[in-house]
Enquirer: 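One structure is given below, represented as structure tokens, and several questions about it will come after.
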Amino acid sequence: MNALYKLLVFLFLFLSFSTSFSQESSAIHDSIVSWIENAKDKKFSLEERKAFNKKANITADFTKNDSLKSKYYFKINYNNFLLNDTSAFKISYKKSLNLAIKLNDSIIIANCYWDKGALARKNNQKDSAYIYYNKAQKILTKYPEKKISAARILLFMAKIQKDVKDYTGSELNTIKAIKIFKSLNDYKRLYSSYNNLGVIFKHLKQYEKALEYHNIALKYLDTNNSTHTSFSLNNIGLIYKYQENYKLAINNFKKALNIDSLYYIKPKQYATVLDNLTYTKFLSNDTINIKKDLYKSLNIRDSLNDYSGIIINKIHLAEYYFKKNNFEKSYKYLIEANKLAIEKKIPENLLITYDLLAKADPKNSTKYLRRYIEISDSTLLEERRMRDKFTRIEYETEEIEQEKLAVEKDNKSLKLTIFIVCMLGILVIYLGLILYQKTSLKNKYEKVVLQQQLLRSQMNPHFLFNTLNTILHTNDTKPEKTKQYVLKLSQLLRTTLENSREEFVPLQDEIEAIDHYLNLQSNFSEKFDFKVSIADELETEFTYVPPMLIQPFVENAIIHGITNSKIRGLVALDFQQHGELISCTITDNGIGYSKSPQEERNHLKTHKSISGDIVKERLVIYNKQNKSNASLKIEDIFDENKNDVGTKVILNLPSYEI
């Protein structure tokens, strides 16, 4: 009986302790959940919300159930993102990610990356944002139930690519996202996706296509979503403004501005539309309420610390006062806009201010135009660096994924692995021989491309020296002509920089570069004319050719042919489609080889030989790699008395269409 009594007492105490422990654990869980929810609740101050999240974080550290702790950490980390608490986020992100990796919880790992990317994007760290979005997207793609999340991240990545002017990459990722959103009837994000495509094609100046996408976006828009309607109407208005269809632009801006309560719901959007409407009226010579509305928009943006908007407003006020001949006020607003653009590091706005300051302050126009070119070139380089980085991220991520898949397959069956390795060994030996030949050919090709680029860099300094010298001499007498020269030179340098790093470029870009070069040379020397003929069937925008093959021969025609000629020169380029090849014939009526002075003849022979040999070698290697018939032919032109009256270069270039 005594033993039974002791047993009953023990059971009573054990059950009491268990119940107490369970109640205590439940109370702790409820507290953590409550604090996490309070951290999201905007009825509390920002500091109170941060304090709630900190309490939840400290208490979660003592939770022994790792699976439950991981869920706490993830929610706490997300709250730190919402609170924009960067220092707390760094700690909670690391804790959440490490525990998720320990538990092999891929979904939480992906969501941690997602939050990290979102915070980086919020802080304008585009490269970091893209890296973490990409990591999250690659994981979530593997889970069918998470495809909506994977598609959302694709759209975020596309918008970052658009911001750094990687329009092709942005378009591709947006289209991938659209396919998923359509399968799920996600109209809200279909609106956002098509709107992004509209913005992309606006930047590409394909305005009709941009309008098409913006109108599709509106079809997916919830009619109750007035702010998005305003946003889309504003975008459509901007496209009409760029097309100089001011009437339609003004109509769309007015519709956007008349959205109910827009001023109170989205004051920043209201100020943007008001400024766009007012500036478009100004461009159409409608001066009613222009000054009043520009100041109204500026005051709203000032109150919101919308620095980019403030700069644009001050630029528009400067243009208004310039037109009213109030040059003092115009200059004042331009200087203010310029200083703010420098302070806030907004290169797009900075370029506009330097362009307008060159007009407003003719005495210092050269200084402002120089700064314009410097910033334009540095912005271009930074954008290319970012685009290249994104490309590397995609490549490296794919490489890592392939390595993981290989490891997983290896672990399934050791015997199968050994068999595969043996078979692969035999295959590798066989492919190695082929790869050796291809690699050798590729290395030779890259060497030739490098020689071509080096040759181009040798030719450019002489041309640049003459160009800049001419610009300096014409600046005082013909300032408008100087601006044209500078802009053409900037366009030429920009195109050359972009094309020099590509294996193939649109034929249209190559022709534009040559056209800028010929325009500048003909203006400087005033000794020759030029003409460029393009066959009707050639779609230069969609036809791609290797860059930097035509330019050396155009330079030879001018510098070594026409410069020493006593008659007015003519350089003619003719582009024709010959099957899969693009034929470019370059002719000039210069003095030719036989009439050149001996010293010039020796230089010309060497220069032609170097240019011709490099181009020929590049074409020969390309032909071997692709079984093509690309070729180069250089011949003198003789008249009926067998006198040398010029030179003809026939380049049959490899090409492909998209």
Side-chain angles (χ1 to χ4, degrees), residues 118 121-122 124 126 129-130 133 151-182 186-222 225-245 248-249 252-253 255-257 259 262 266 268-277 279-280 306 308-309 311-312 346-349 351-352 379-380 382-384 386-387 390 541:
R121 187 180 178 212
K122 188 187 283 189
N124 203 33
K126 294 183 175 65
Y130 190 88
Y133 277 148
R152 286 177 63 192
I153 295 174
L154 267 177
L155 185 56
F156 291 143
M157 290 164 66
K159 288 181 178 180
I160 293 171
Q161 287 171 301
K162 175 201 69 186
D163 291 342
V164 300
K165 299 185 181 178
D166 178 10
Y167 299 127
T168 302
S170 182
E171 182 186 359
L172 289 173
N173 275 335
T174 305
I175 290 169
K176 285 181 191 175
I178 283 172
K179 287 179 182 177
I180 300 171
F181 294 142
K182 277 188 176 179
D186 189 338
Y187 296 149
K188 177 183 175 182
R189 293 184 179 92
L190 280 169
Y191 162 78
S192 187
S193 300
Y194 280 109
N195 183 72
N196 193 55
L197 287 176
V199 176
I200 289 168
F201 281 93
K202 179 198 77 174
H203 287 305
L204 292 172
K205 298 184 180 179
Q206 296 182 32
Y207 297 127
E208 294 304 320
K209 198 76 176 169
L211 285 172
E212 178 187 336
Y213 283 126
H214 279 307
N215 283 314
I216 293 173
L218 279 171
K219 290 178 183 177
Y220 286 108
L221 189 60
D222 183 350
N225 197 325
S226 57
T227 54
H228 282 168
T229 303
S230 168
F231 187 74
S232 285
L233 289 170
N234 179 66
N235 282 338
I236 291 169
L238 284 172
I239 294 167
Y240 283 128
K241 187 194 85 171
Y242 294 136
Q243 290 180 315
E244 297 184 4
N245 189 338
L248 281 177
N252 277 279
F253 289 138
K255 286 180 187 176
L257 208 60
I259 296 293
L262 181 66
K266 291 282 184 181
K268 182 177 177 180
Q269 175 68 8
Y270 180 90
T272 299
V273 179
L274 178 61
D275 178 55
N276 286 335
L277 170 62
Y279 185 63
T280 306
D306 176 12
S308 181
I311 294 165
I312 292 296
I346 308 175
E348 295 85 357
N349 294 345
L351 286 171
I352 299 171
T379 303
L380 173 66
E382 176 59 22
E383 288 165 358
R384 177 165 287 281
M386 197 73 79
R387 290 196 295 271
F390 289 173
E541 187 179 356

Enquirer: Provide the closest heavy-atom pair for Ala249 versus Gly237 in the form atom of the first, atom of the second, distance.
Expert: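 Heavy atoms only, the tightest pair is CB-O, 3.3 Å.
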
Enquirer: Could you tell me whether the side chains of Ser232 and Tyr191 share a donor-acceptor contact shorter than 3.5 Å?
Expert: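 Short answer, yes.
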
Enquirer: Just so I know, are the side chains of Thr227 and Gln269 near enough to count as touching, which here means a heavy-atom distance under 4.5 Å?
Expert: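 A side-chain contact is absent here, since even the closest heavy-atom pair is not under 4.5 Å.
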
Enquirer: Quick one: sort the His203 and Tyr167 rings into parallel, tilted or perpendicular, breaks at 30° and 60°.
Expert: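 The rings of His203 and Tyr167 lie parallel, inter-plane angle below 30°.
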
Enquirer: Please report the closest heavy-atom contact between Ala151 and Phe181, naming both atoms and the distance.
Expert: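 It is CB-CE2, 3.5 Å.
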
Enquirer: Taking all heavy atoms of Leu248 and all of Asn245, pick out the closest pair and write down the distance.
Expert: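 Result for this residue pair: CD1-ND2, 3.2 Å.
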
Enquirer: State, yes or no, whether a side-chain contact exists between Arg121 and Lys159 at a heavy-atom distance under 4.5 Å.
Expert: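 Yes - at least one pair of side-chain heavy atoms lies under 4.5 Å apart.
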
Enquirer: Not counting sequence neighbours, which residues clear side-chain contact (heavy atoms from CB on, under 4.5 Å) with Gln206? List them please.
Expert: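 Here the qualifying residues are Phe201, Leu204, Lys209, Glu541.
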
Enquirer: Is any side-chain heavy atom of Leu197 closer than 4.5 Å to one of Tyr194?
Expert: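 Side chain of Tyr194 against side chain of Leu197, heavy atoms only: contact under 4.5 Å found.
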
Enquirer: Tell me every residue that passes side-chain contact (heavy atoms from CB on, under 4.5 Å) with Ile259, counting only those two or more places apart in sequence or in another chain.
Expert: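 Ile259 satisfies side-chain contact (heavy atoms from CB on, under 4.5 Å) with Ser226, Thr229, Ser230, Leu262 only.
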
Enquirer: For residues Gln161 and Glu171, is any side-chain donor paired with an opposing acceptor at under 3.5 Å?
Expert: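 Distance-only check fails for Gln161 and Glu171.
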
Enquirer: Kindly give the heavy-atom pair with the smallest separation between Ala217 and Asn195, and that separation in Å.
Expert: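 Shortest heavy-atom contact: CB-N, 3.8 Å.
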
Enquirer: Near Lys122 NZ, under 6.0 Å, is it more than 12 heavy atoms from other residues, nucleotides or ligands?
Expert: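 Yes - once you tally the heavy atoms of other residues, nucleotides and ligands closer than 6.0 Å, there are more than 12.
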
Enquirer: Are the side chain of Thr280 and the backbone N or O of Asn276 linked by a donor-acceptor pair below 3.5 Å?
Expert: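 Side chain of Thr280 to backbone of Asn276: a pair is present.
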
Enquirer: For the residue pair Leu257 and Tyr270, establish whether any side-chain heavy-atom pair is separated by less than 4.5 Å.
Expert: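 SC-SC contact between Leu257 and Tyr270 confirmed.
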
Enquirer: Atom CZ of Arg189 and atom CD1 of Ile178: how far apart are they, to the nearest 0.5 Å?
Expert: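 The distance works out to 14.0 Å.
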
Enquirer: Which value, rounded to the nearest 0.5 Å, describes the distance between Ile312 atom CD1 and Ile352 atom CD1?
Expert: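 Between Ile312 CD1 and Ile352 CD1, I get 4.5 Å after rounding to 0.5 Å.
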
Enquirer: Arg152: what forms a salt bridge (Lys or Arg N to Asp or Glu O under 4.0 Å) with it, not counting sequence neighbours?
Expert: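 In terms of salt bridge (Lys or Arg N to Asp or Glu O under 4.0 Å), with neighbours along the sequence ignored, Arg152 is linked to no residue.
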
Enquirer: Would you call Lys182 and Tyr220 a side-chain contact if the rule is heavy atoms closer than 4.5 Å?
Expert: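 Yes, at least one pair of side-chain atoms sits under 4.5 Å.
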
Enquirer: May I have the step-by-step check of side-chain contact (heavy atoms from CB on, under 4.5 Å) for Leu211 and Lys202, ending in yes or no?
Expert: CA-CA 8 Å; Leu211 285 172; Lys202 179 198 77 174; over 6 Å; no

Enquirer: Quick one: pull up CG in Leu172 and CG in Leu154 and give me the separation to the nearest 0.5 Å.
Expert: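 Reported to 0.5 Å precision, the distance equals 11.0 Å.
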
Enquirer: Which heavy atom in Ala158 sits nearest to a heavy atom in Asn173, and how many Å separate them?
Expert: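 So the two residues come closest at CB-CB, 3.9 Å.
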
